[in-house]
Amino acid sequence: MHRTFIILLFVGTLFLRTTARAQIEKVEINFDYVTKVARDRANEPFHSPRAELPEALRADKLNYDAYRKIRFRQDRAFWLGDNLPFRAEFFHPGYIYQEPVRIFEFTKTFVPRVRFVRDWFNYSDLKIENKIPADTGYAGFKLVYPLNKPGDYAEVASFLGASYFRMLGKEQRYGASARGLALDSGEPDRPEEFPIFTDFWLGKPEAGETSLLIYAVLDSVSCTGAYQIRLIPGETTVAAIEATLFFREPAKILAVNKERQPLKTLGVAPLTGMFWFGENSERRFDDYRPEVHDSDGLLLHFATGEVVWRPLNNSTVMRHSVFAADNIRGFGLLQRDREQSHYADLANPYDLEPSLWVKPKGDWGEGDVHLVELPTTYEGLDNIVAFWSPRTMPAPLQPVHFGYELLWTRERDFQLSENHVLATRVGADGADATKRQVHIDFGGPGLAAIPEKEPPTAVVSCSENAGIYENQVILNPEDHTWRVILKFKPKPGNKEPVNLRCTLQRNGVPVSETWAYLWSPPS
């Protein structure tokens, strides 16, 4: 009887998988195919898949607590029975995930759609299964892989909500997110437009493969896009991305949104994270922890060779900073502080969250890196956005291509910047409350080799609304790092942010990255 049950279970599972692969496309899936889908769609007005969401799954019927009761059955994981290096699990639509996505599996010979299967989910006591049609799509998916040790399948990537996705390297925990595209992010005179991934194609891996190929179509009121994503898990997990965008003609945009203004910023390779407070924060909160953030700074590698570190902050107003970045060589939101005691949080291991680095492929041309810092009063909101934007907006229906790698790293297998800023601390000058002092710690192998009797020089500057009145460099003999003590005074009546910069030099040659800080006066 036991053996009979096993046979019936196998047959039932096979039936579900056959049903899940019911629609088969007889085409070869490659980047050209997905690009054609995006191009054809750009010739029509945007149609939101939100309209296909069943009534029982809408936000007014399925709240946060109820949605969390719906669990994917891990014994139904895609490719589980094939003994492959990757497995896929799916997110149920509903609550805030209002746009169902279509997911396909592909090999060289077949392309079945992964149909929605209610039996793949445990609905607890919700009793809504019969209200969900069989053609409902998924909210997204996650991928598991033996990342940390052989045979132990752990989550390595998640695609869920709009065009958001997150990945993990070895022994990391989720933190900052990436997006396919950002449109008009941080613009005060208009709402942001959030493109969404509507279709995914998951390449079925071969036995022993160490990477996974994913294709996706992005759609929005203003544009469409074709994406090729090669996921390469490791100590640092890499997403190798090729993206081609098509922008709709104004008439197609206005047919959906009559109030949509022409795009001001096109956010390529956008990154999103959270910064509540850190060691440089003057705005403190009633919390037991010393620091709470996914990332503590923005790092920029310019074509000139200059490397700039901009510590993040949580001001009382939105701050939108723009860095001229023609042919940018790299940028990212980094989590540099790796000391668990600096966070003192056992439930949320911020010290294990990855830095997220963008490495452009080829010359992106003239453009700027944008940093948007939104005010927040708690850690549950992503309030930091960084992206690159071309200085000239693309013409309608003309393909625009970008290639880049996304690195999810703790920098244990390489360094993004060796002689860098370790910490930034800001406070009042005890002798004069109208003045501020900043202590900046620099460290790295090159700086550690500088003799105490031959200290580097701190080359500093500030914007015209303030003046620097003290600048000194001191060696910390404990770890042979260098501290710059910088004191400045805003001009009387100043209410605008003060831009500060500092670089360590020897004989006129930079020996550290450039520290760039935006100090905001109290509101």
Side chain proximity check, Asn314 to His293, heavy atoms < 4.5 angstrom: no
Glu306 side chain reached by Thr514 side chain, heavy atoms, under 4.5 Å: yes
Please determine whether salt bridge (charged side-chain N to carboxylate O under 4.0 Å, His left out) holds for the pair Arg190 and Asp184, giving the CA-CA distance in whole Å, both sets of side-chain angles, and the decisive distance to 0.1 Å. CA-CA 8 Å; Arg190 65 192 65 196; Asp184 282 344; 3.4 Å; yes
Kindly assign one of parallel, tilted or perpendicular to the pair Tyr343 and Tyr350, based on the angle between their ring planes and the thresholds 30° and 60°. tilted
Could you tell me whether Arg68 atom CZ has more than 12 heavy atoms of other residues or ligands within 6.0 Å of it? no
Are more than 12 heavy atoms, taken from residues, nucleotides or ligands other than Lys264, located less than 6.0 Å from that residue's NZ atom? yes
When the aromatic ring centroids of Tyr378 and Trp276 are compared, is their separation below 6.0 Å? no
A cation-pi test, strictly: NZ or CZ of Arg336 under 6.0 Å from the centre of the six-membered ring of Trp309 and no more than 45 degrees from its axis. Yes or no? yes
Within-4.5 Å side-chain heavy-atom neighbours: Leu356 and Leu407: no
Please round to the nearest 0.5 Å and tell me the distance separating atom CD1 of Ile103 and atom CZ of Phe91. 10.0 Å
Could Arg173 and Asp351 be called an ion pair, given the rule that one side-chain N must be under 4.0 Å from one carboxylate O? no
Sorted by chain and number, sequence neighbours left out, side chain to side chain contact (heavy atoms under 4.5 Å, CB included) with Asn499 holds for Ser463, Leu518
Please evaluate residues Phe104 and Tyr215 with respect to the criterion ring-ring contact (aromatic ring centres under 6.0 Å, His included), reporting the C-alpha separation (whole Å), side-chain torsions for both, the decisive distance (0.1 Å), and the verdict. CA-CA 10 Å; Phe104 299 84; Tyr215 292 108; over 10 Å; no
side-chain contact (heavy atoms from CB on, under 4.5 Å) evaluation trace for Tyr227 with Ile241: CA-CA 7 Å; Tyr227 285 74; Ile241 298 175; 4.1 Å; yes
What pairs of donor and acceptor atoms, side-chain ones from residues 153-168 against any protein atom, are under 3.5 angstrom apart with sequence neighbours left out?
{"residue": "Tyr153", "atom": "OH", "partner": "Leu84", "partner atom": "O", "Å": "2.7"}
{"residue": "Glu155", "atom": "OE2", "partner": "Tyr174", "partner atom": "OH", "Å": "2.9"}
{"residue": "Ser163", "atom": "OG", "partner": "Gly180", "partner atom": "N", "Å": "3.1"}

Would you please test Phe402 and Trp364 for ring-ring contact (aromatic ring centres under 6.0 Å, His included) and show each step? CA-CA 7 Å; Phe402 296 97; Trp364 282 6; 5.5 Å; yes
Within 6.0 Å of CD in Gln415, more than 12 heavy atoms from elsewhere: yes
Is the gap between the ring centers of Tyr67 and Tyr97 under 6.0 Å? yes
Neighbour count >12 (heavy atoms, 6.0 Å) for atom CD, Glu418: no
Side chain to side chain contact (heavy atoms under 4.5 Å, CB included) with Arg58: which residues, sequence neighbours excluded? Arg50, Leu53, Glu55, Asp60, Gln98
Sequence neighbours left out, what passes side chain to side chain contact (heavy atoms under 4.5 Å, CB included) with Ala344? Give chain and number order. Pro290
Near Asp189 CG, under 6.0 Å, is it more than 12 heavy atoms from other residues, nucleotides or ligands? yes
Can you confirm whether more than 12 heavy atoms, excluding those of Phe414, are under 6.0 Å from its CZ atom? yes
Between Trp357 and Leu334, is any pair of side-chain heavy atoms under 4.5 Å apart? yes
Salt-bridged, Arg76 to Glu89, with N to O below 4.0 Å? no
Residue set satisfying salt bridge (charged side-chain N to carboxylate O under 4.0 Å, His left out) with Asp363, at least two apart, ordered chain then number -> none
Looking at CG of Leu475 and NE2 of His480, how far apart are the two atoms once the value is rounded to the nearest 0.5 Å? 5.0 Å
Check side chain to side chain contact (heavy atoms under 4.5 Å, CB included) between Ser520 and all other residues, then give those that pass, not counting sequence neighbours. Ser315, Arg319, Pro497
